[in-house]
Amino acid sequence: MLYADHTKFDQCAFHAMAPLPDFDTVIVVAATNQKHIDRLRDAGNDVVVAKPPRRH
């Protein structure tokens, strides 16, 4: 399982934990661009979009 917020997409990193296909489930925040969500799903990942917390 991988959790990535919307600021992690379109970025370069000096290291990688594992390739995306190695993750069964990827959890992203609602602010994630739909093109990234679609790309993850097209690659075979189960994508869960986390809803923002409720404000009281």
Side-chain angles (χ1 to χ4, degrees):
M1 186 178 301
L2 172 69
Y3 172 80
D5 69 23
H6 66 286
T7 66
K8 304 302 183 270
F9 292 92
D10 290 330
Q11 302 296 316
C12 281
F14 291 112
H15 66 282
M17 239 175 21
L20 282 174
D22 287 358
F23 295 96
D24 295 321
T25 303
V26 179
I27 302 170
V28 298
V29 297
T32 303
N33 188 302
Q34 187 63 44
K35 73 176 182 177
H36 297 303
I37 295 170
D38 293 342
R39 190 179 76 206
L40 289 165
R41 287 184 174 142
D42 289 346
N45 297 101
D46 179 27
V47 179
V48 176
V49 179
K51 296 178 184 177
R54 288 190 212 169
R55 298 200 184 251
H56 298 280

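A quick note: this is a predicted structure, and the numbers were derived from the prediction, not measured.
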Below 4.5 Å, heavy atoms only, C-beta onward: do Val47 and Ile27 meet side chain to side chain?
-> no

Rounded to the nearest 0.5 Å, how far does OG1 of Thr32 lie from CG of Leu40?
-> 8.5 Å

All side chain to side chain contact (heavy atoms under 4.5 Å, CB included) counterparts of Ala31, not counting sequence neighbours | His6, Val29

Asn45 side chain vs Phe23 backbone, donor-acceptor pair below 3.5 Å | yes

Contacts of Asp22 meeting side chain to side chain contact (heavy atoms under 4.5 Å, CB included) (sequence neighbours excluded), chain-then-number -> Ala18, Pro19

State, with a plain yes or no, whether a side-chain heavy atom of Val48 is found less than 4.5 Å away from one of Val26.
-> no

Name all residues meeting the side chain to side chain contact (heavy atoms under 4.5 Å, CB included) criterion together with Asn33; count only those two or more places apart in sequence or in a different chain, and write none if there are none.
-> Lys35, His36

Any sub-3.5 Å donor-acceptor pair from Arg41's side-chain atoms to Asp46's backbone N or O?
-> no

